[in-house]
Asker: 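Got a structure here, written out as structure tokens. Questions coming.
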Amino acid sequence: SGGGEIVMKKIIIIVEDKQEEQDFALAAIKSHFGIRKEDAGLEGLASEGFAGFQVFPDVDIMITSNPDGAKFAIKLATSTGNMSNVIILTDLMMPGAPRKSEQANGISVLLMALKNGIPVVICSDTDHHEVMFMKELAETLATLHPAKKIPVILDKKDWGRALEEGLKL
């Protein structure tokens, strides 16, 4: 490609309440973008539910642990006015706020993504039999989404696959 087109840097928002899974998601993204595991620590940002972000040449990674954190991350990510470079990878079952019980709060993240026209992937280890509504809900909401698709991964968290699905949207 010879033109002077600008390739927008990807911004990936991870919404996941468990530290261990945040680390797995981060590792999957780093591996995809050819970033060494040991490169760059989290840049802390003080905000409830917002764990911080890492900035790299090809990708910015934001990590949040609940819907409020996701709202903050979306605001930050879309402040450039360009939604097309933002992708959200969200867990399904997580507390809606610190010290609350786990519920299907990934759905509220999914709705935020829908309202903002941001590609979103649900990545959860929840048994699909326990959330029978999820696949149909995603298919129904996908008709309203500019990407026309909301991938849902259940039974086993696979952040690498979630990222690949998200990048295709």
Side-chain angles (χ1 to χ4, degrees), residues 5-18 21-22 24-33 35 42-43 45 47-97 103-124 126 131 133-154 157-169:
E5 76 276 6
I6 296 166
V7 176
M8 286 296 290
K9 179 176 180 176
K10 286 287 177 207
I11 301 174
I12 299 171
I13 300 171
I14 300 162
V15 190
E16 164 61 62
D17 59 308
K18 294 179 182 67
E21 289 294 340
Q22 289 178 359
F24 286 143
L26 195 57
I29 296 167
K30 281 180 163 183
S31 154
H32 176 91
F33 285 93
I35 300 160
L42 278 178
E43 305 288 335
L45 255 195
S47 163
E48 188 74 82
F50 189 81
F53 60 91
Q54 290 197 14
V55 177
F56 297 103
D58 300 325
V59 62
D60 290 348
I61 306 167
M62 300 187 182
I63 301 177
T64 78
S65 58
N66 60 34
D68 277 348
K71 192 180 284 177
F72 180 75
I74 289 170
K75 207 185 230 161
L76 211 59
T78 57
S79 59
T80 59
N82 189 335
M83 312 298 176
S84 64
N85 57 331
V86 183
I87 299 169
I88 299 172
L89 309 179
T90 185
D91 183 20
L92 177 61
M93 303 299 290
M94 65 183 119
Q103 302 292 340
N105 283 299
I107 291 170
S108 83
V109 176
L110 193 154
L111 293 171
M112 282 177 216
L114 192 61
K115 276 185 198 143
N116 289 282
I118 298 171
V120 60
V121 181
I122 296 264
C123 182
S124 173
T126 304
V131 286
F133 60 87
M134 196 56 238
K135 205 170 173 301
E136 194 176 355
L137 181 69
E139 280 168 12
T140 306
L141 291 176
T143 61
L144 306 171
H145 199 292
K148 296 294 173 222
K149 190 168 184 232
I150 299 173
V152 177
I153 297 167
L154 294 171
K157 282 186 189 172
D158 183 341
W159 295 106
R161 188 178 140 213
L163 176 63
E164 273 165 39
E165 296 273 350
L167 288 169
K168 276 190 247 165
L169 296 172

Asker: Compare every heavy atom of Asn105 with every heavy atom of Pro95, then report the nearest pair and how far apart it is.
Answerer: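 Closest heavy-atom pair between Pro95 and Asn105: C-ND2, 3.5 Å.
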Asker: Between Ile63 and Glu16, does a side chain to side chain contact (heavy atoms under 4.5 Å, CB included) hold up when you go through it step by step?
Answerer: CA-CA 8 Å; Ile63 301 177; Glu16 164 61 62; over 6 Å; no
Asker: What are the two closest heavy atoms between Val152 and Ala138, and how far apart are they?
Answerer: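 Closest pair (atom of Val152, atom of Ala138, distance): CG2-CB, 3.3 Å.
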Asker: At their closest point, which heavy atom of Ile122 faces which heavy atom of Gly106, and how far apart are they?
Answerer: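 Minimum heavy-atom contact is CD1-O, 4.2 Å.
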Asker: First locate atom CD1 of Ile14, then atom OG1 of Thr64, and finally report the distance between them rounded to the nearest 0.5 Å.
Answerer: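 Going from the CD1 atom of Ile14 to the OG1 atom of Thr64 covers 8.5 Å.
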Asker: Side chain of Lys9, backbone of Phe56: donor and acceptor closer than 3.5 Å?
Answerer: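 Side chain of Lys9 to backbone of Phe56: a pair is present.
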Asker: Just so I know, are the side chains of Asp91 and Val15 near enough to count as touching, which here means a heavy-atom distance under 4.5 Å?
Answerer: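 Contact flag for Asp91/Val15 side chains = no.
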Asker: Looking at side-chain heavy atoms only, is the closest gap between Ile12 and Phe33 below 4.5 Å?
Answerer: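 Yes; the side chains approach each other to less than 4.5 Å.
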Asker: Carefully, step by step, assess Glu139 and Lys135 under the rule salt bridge (charged side-chain N to carboxylate O under 4.0 Å, His left out).
Answerer: CA-CA 6 Å; Glu139 280 168 12; Lys135 205 170 173 301; 3.0 Å; yes
Asker: Apply the test side chain to side chain contact (heavy atoms under 4.5 Å, CB included) to residues Leu167 and His32: give CA-CA distance (whole Å), side-chain angles for both, the deciding distance (0.1 Å), then the verdict.
Answerer: CA-CA 11 Å; Leu167 288 169; His32 176 91; 3.2 Å; yes
Asker: Tell me every residue that passes side chain to side chain contact (heavy atoms under 4.5 Å, CB included) with Ala142, counting only those two or more places apart in sequence or in another chain.
Answerer: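 For Ala142, the residues satisfying side chain to side chain contact (heavy atoms under 4.5 Å, CB included) (neighbours in sequence not counted) are Ile150.
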Asker: Val59 and side chain to side chain contact (heavy atoms under 4.5 Å, CB included): which single residue from Ile35, Asn85, Ile11 fits?
Answerer: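 In the set Ile35, Asn85, Ile11, the residue that makes a side chain to side chain contact (heavy atoms under 4.5 Å, CB included) with Val59 is Ile35.
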Asker: To the nearest 0.5 Å, what is the distance between CE on Met134 and CE on Met93?
Answerer: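 One gets 11.0 Å once the value is rounded to the nearest 0.5 Å.
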Asker: Please report the closest heavy-atom contact between Gly117 and Pro146, naming both atoms and the distance.
Answerer: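 Heavy-atom minimum between the residues: CA-CG, 3.8 Å.
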Asker: Can you measure from NZ (Lys10) to CD1 (Ile29) and round to the nearest 0.5 angstrom?
Answerer: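 Taking NZ in Lys10 and CD1 in Ile29, the distance rounds to 12.5 Å.
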Asker: Could you check if a side-chain atom of Val120 sits within less than 4.5 angstrom of a side-chain atom of Thr90, using non-hydrogen atoms only?
Answerer: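 Answer yes - side chains close enough.
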Asker: Can you tell if the side chain of Ile118 reaches within under 4.5 Å of the side chain of Thr78, non-hydrogen atoms only?
Answerer: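 They are in contact (side-chain heavy atoms under 4.5 Å apart), so the answer is yes.
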Asker: Hey, could you give me the CD/NZ distance between Gln54 and Lys30, rounded to the nearest 0.5 Å?
Answerer: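 Rounded to the nearest 0.5 Å, the CD-NZ separation comes out at 4.5 Å.
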Asker: Could you check whether any side-chain heavy atom of Leu169 comes within less than 4.5 Å of a side-chain heavy atom of Val121, counting everything from C-beta outward?
Answerer: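 Heavy-atom side-chain distance check passes, below 4.5 Å.
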Asker: Set out, in order, the CA-CA distance, both residues' side-chain angles and the distance that settles side chain to side chain contact (heavy atoms under 4.5 Å, CB included) for Leu141 and Leu111, then state yes or no.
Answerer: CA-CA 9 Å; Leu141 291 176; Leu111 293 171; 4.0 Å; yes
Asker: What is the distance from atom NZ of Lys115 to atom CG of Leu110, rounded to the nearest 0.5 Å?
Answerer: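 Interatomic distance, Lys115 NZ to Leu110 CG, rounded to 0.5 Å: 11.0 Å.
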Asker: Evaluate the side chain to side chain contact (heavy atoms under 4.5 Å, CB included) criterion for residues Leu26 and Ile61: first the C-alpha distance (whole Å), next the side-chain angles of each, then the deciding distance (0.1 Å), finally the verdict.
Answerer: CA-CA 8 Å; Leu26 195 57; Ile61 306 167; 3.7 Å; yes
Asker: Provide the closest heavy-atom pair for Thr140 versus Thr143 in the form atom of the first, atom of the second, distance.
Answerer: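 That would be O-OG1, 2.6 Å.
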Asker: Hey, could you give me the CD1/CG distance between Ile74 and Asn116, rounded to the nearest 0.5 Å?
Answerer: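 Going from CD1 on Ile74 over to CG on Asn116, the span is 5.5 Å.
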Asker: Which heavy atom in Thr126 sits nearest to a heavy atom in Leu154, and how many Å separate them?
Answerer: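 Heavy atoms only, the tightest pair is O-CB, 3.6 Å.
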Asker: Quick one: which of Glu165, Glu21, Lys157 gives a side chain to side chain contact (heavy atoms under 4.5 Å, CB included) with Cys123?
Answerer: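 Among Glu165, Glu21, Lys157, the one that satisfies the side chain to side chain contact (heavy atoms under 4.5 Å, CB included) with Cys123 is Lys157.
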